[in-house]
Structure formats: structure tokens, C-alpha cells
Colleague: 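My structure is below; once you've seen it, I'll send some questions.
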Amino acid sequence: MSILSILHYPDKRLRNVASSVTSINKKIQTLIDNMFETMYLQEGIGLAATQVDIHKRIIVIDTSKQKNEKIVLINPKFLNKYGSEIFEEGCLSIPNMRVYVSRSSTVKIEAFNYYGKKFFLKATGLLSSCIQHEMDHLIGKLLIDHSIRKL
Ligand code: K1U
Ligand code: ZN
């Protein structure tokens with residue numbers, strides 16, 4: 001596996017809008033493996049392909065304490081979002097900044113997994129915040145674009 005370089009703000013490539021994945025093949029699976037390795041090394045709980053300069057709709061997440069609950073989202077789509085909550089967030093592309101962001105408290109999404117199987121997920125709490133943060137990356141949106149309060 002390989003460690004990938006993470007783009008840092010104000011790199012304009014963070015503003016790219018990612019394209020859908022058309023085929024979930026070995027190349028995509030290797031990218032996902034490398035994204036997990038990079039995310040764990042950086043002590044993140046999520047990483048979007050945009051952040052490693054790959055402009056495809058791919059997200060990896062692991063919000064577990066033991067780092068053993070991998071979630072892969074390929075071509076994720078929101079089905080429903082509701083409620084409102086303030087989350088404390090950081091971003092691996094904007095080091096040393098943590099801010100409060102107002103987001104939906106619950107999200108329901110559909111996506112394809114590592115093996116190309118469609119699945120549905122309902123998330124609250126940290127996982128909900130992380131999914132919304134990573135989905136923002138796929139459309140070129142960053143923490144600093146939200147009306148935020150620095151901690
Ligand atoms: O996408 C990224 O930049 C990764 C980012 C994701 C994220 C963090 C917090 C809330 C929502 C989304 C990080 O993982 S930054 C590291 C971090 O802030 C954190 C690490 C462990 C637990 C909680 C937060
Ligand atoms: Zn981020």
C-alpha cells in the first residue's frame with residue numbers, strides 16, 4: 001500500500017467537483033486501500049478522494065475508536081437529511097483549525113461499497129457530521145465556506 005499526498009488549502013484543486021465512478025475495479029480498490037492507509041496515518045476519521053487529487057466520488061470513513069470499522073462510499077447520494085446540530089470539525093486539508101459547523105443531525109444516504117454492492121445507511125452524531133463533511137469535499141466545498149465559529 002502507499003501513502004498519498006493530501007492537498008492543503010488554498011490549493012485550487014480542492015475546489016474541483018468530482019465525477020461519478022463508472023466501474024468499481026481493482027484500480028479503484030487499490031486507491032481506496034491507499035486512502036484508508038493515508039487517513040489512518042494522519043489520524044483522520046474520513047477522507048475524500050478530492051483531498052488526494054483524485055476527482056472521483058469516493059469517500060473512506062472510520063469513526064470507531066479502535067479503527068476497525070471501515071466504511072467505503074462510492075457515488076454516495078443523500079436520500080434525506082433532517083434535524084439541525086452544531087458539530088465540532090477539523091479538516092486534514094486545513095491543518096490546525098477546528099470549528100463549529102451547523103449541519104443536519106441525521107442523514108440517510110445510498111452508495112456503492114468496495115465490492116460494487118449498493119447499500120443504504122442512516123447516520124447520526126459524528127458519523128453524520130463526517131459524511132456531510134466528506135460529501136462537501138466531493139463538490140469542492142470546505143469548512144471555511146460554512147458560517148463557522150472558530151474554537
Ligand atoms: O475530510 C477530512 O478532512 C478529514 C476530517 C473529517 C472530519 C473530522 C471531524 C468531523 C467531521 C469530519 C478529519 O478526520 S480531521 C481529524 C479530526 O478532526 C478528528 C479526528 C478524530 C476524531 C474526531 C475528529
Ligand atoms: Zn476535510
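Counting starts at 1 for both ligands and their atoms, following the listed order. Computed from a prediction, not measured in an experiment: that's the story for all the values here.
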Colleague: Would you say M35 and L92 are hydrophobically clustered, going by side-chain heavy atoms of ILVMFWY under 4.5 Å?
Modeller: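 Linked within one cluster.
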Colleague: Check for me, please, whether V107 and I71 land in the same ILVMFWY cluster - side-chain distances under 4.5 Å, paths through other members count.
Modeller: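 Yes, one cluster joins them.
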Colleague: What angle, in degrees and rounded to 10°, do you get at the Zn ion (ligand 2) when you join it to NE2 of H137 and to NE2 of H133?
Modeller: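 Approximately 100° at the metal, rounded to tens of degrees.
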Colleague: Is K67 positioned over the aromatic face of Y40, cation under 6.0 angstrom from the ring centre and no more than 45 degrees off axis?
Modeller: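 Geometry flag: not set, cation outside 6.0 Å or 45°.
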Colleague: Which of the numbered atoms in ligand 1 are below 4.0 angstrom from a heavy atom of G44?
Modeller: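 This gives 14 (O) as the contact atoms.
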Colleague: For ligand 1, does M39 get within less than 4.0 Å through its side chain, its backbone, both, or neither, judged by non-hydrogen atoms?
Modeller: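 Within the 4.0 Å criterion, M39 makes no contact with ligand 1.
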Colleague: Do ligand 1 and R98 have nitrogen or oxygen atoms that lie under 3.5 Å from each other?
Modeller: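 So ligand 1 has an N or O lying under 3.5 Å from an N or O of R98.
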Colleague: S105: what forms a side chain to side chain contact (heavy atoms under 4.5 Å, CB included) with it, not counting sequence neighbours?
Modeller: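 For S105 the side chain to side chain contact (heavy atoms under 4.5 Å, CB included) partners, ignoring immediate neighbours, are E85.
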Colleague: Checking a contact table here: which protein heavy atom is nearest atom 22 (C) of ligand 1, and how many Å away?
Modeller: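 Sorting protein heavy atoms by distance from atom 22 (C) of ligand 1 puts I45 CG2, 3.6 Å first.
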Colleague: Is it the case that more than 12 heavy atoms not belonging to F120 sit under 6.0 Å from its CZ atom?
Modeller: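 Result for CZ/F120: enclosed.
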Colleague: Numbering the atoms of ligand 1 from 1, which are under 4.0 Å from a heavy atom of H133?
Modeller: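 Within the 4.0 Å cut-off of H133, ligand 1 contributes 1 (O), 2 (C), 3 (O), 12 (C).
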Colleague: Among all protein heavy atoms, pick out the one at the shortest distance from atom 6 (C) of ligand 1; state its residue, atom name and that distance to 0.1 Å.
Modeller: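 Answer for atom 6 (C) of ligand 1: E134 OE2, 3.4 Å.
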Colleague: Name the one of Q132, R103, H146 that satisfies side chain to side chain donor-acceptor pair (under 3.5 Å) with E89?
Modeller: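 With E89 as partner, Q132, R103, H146 yield a single side chain to side chain donor-acceptor pair (under 3.5 Å), made by R103.
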Colleague: What residues form a side-chain hydrogen bond (donor to acceptor under 3.5 Å, both in side chains) with T50, not counting sequence neighbours?
Modeller: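 Result, side-chain hydrogen bond (donor to acceptor under 3.5 Å, both in side chains) vs T50: none returned.
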Colleague: Any heavy atom of G46 sitting closer than 4.0 Å to ligand 1?
Modeller: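 Checking ligand 1 against G46, which is what was asked, there is a heavy-atom contact under 4.0 Å.
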Colleague: Among all protein heavy atoms, pick the one closest to atom 20 (C) of ligand 1 and tell me residue, atom and distance.
Modeller: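 Protein heavy atom at minimum distance: E43 O, 3.6 Å.
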Colleague: How close does the nearest protein non-hydrogen atom get to atom 5 (C) of ligand 1, and which residue and atom is it?
Modeller: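 Answer, as residue, atom name and distance: G90 O, 3.6 Å.
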Colleague: Using a plain distance cutoff, I'd like to know if E88 has any nitrogen or oxygen under 3.5 Å from a nitrogen or oxygen of ligand 1.
Modeller: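 Between E88 and ligand 1, no N or O pair is found under 3.5 Å apart.
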Colleague: With a 4.0 Å heavy-atom cut-off (strictly under), which part of E89 contacts ligand 1: side chain, backbone, both or neither?
Modeller: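 It is both parts that get close, each with some atom under 4.0 Å.
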Colleague: Near H137, which atoms of ligand 1 are under 4.0 Å from a heavy atom of that residue?
Modeller: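 Every atom of ligand 1 under 4.0 Å from some heavy atom of H137: 1 (O), 3 (O).
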Colleague: Which ligand 1 atoms are under 4.0 Å away from a heavy-atom of C91?
Modeller: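 In order of number, 3 (O), 15 (S).
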Colleague: Carefully, step by step, assess S104 and S128 under the rule side chain to side chain contact (heavy atoms under 4.5 Å, CB included).
Modeller: CA-CA 8 Å; S104 303; S128 172; 5.6 Å; no
Colleague: Would you mind finding which of M97, Q42, Q51, K65 brings a heavy atom closest to atom 2 (C) of ligand 1?
Modeller: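 Considering heavy atoms of M97, Q42, Q51, K65, the nearest to atom 2 (C) of ligand 1 sits in Q51.
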Colleague: Under a 4.0 angstrom heavy-atom cut-off, which atoms of ligand 1 come close to S129?
Modeller: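 Atoms satisfying the 4.0 Å criterion: 10 (C), 11 (C).
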Colleague: Any N or O on L92 sitting closer than 3.5 Å to an N or O of ligand 1?
Modeller: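 Yes - when backbone and side-chain N and O of L92 are compared with those of ligand 1, one distance drops under 3.5 Å.
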Colleague: Is there a path from V52 to I32 through hydrophobic residues (I, L, V, M, F, W, Y) whose side chains come within less than 4.5 Å of each other?
Modeller: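 V52 and I32: one cluster.
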Colleague: Could you tell me the separation between the CZ atom of F112 and the NZ atom of K117, rounded to the nearest 0.5 Å?
Modeller: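 These two atoms lie 10.5 Å from each other.
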Colleague: Rounded to the nearest 0.5 Å, how far apart are NZ of K141 and CZ of R15?
Modeller: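 With rounding to 0.5 Å, NZ (K141) is 10.0 Å from CZ (R15).
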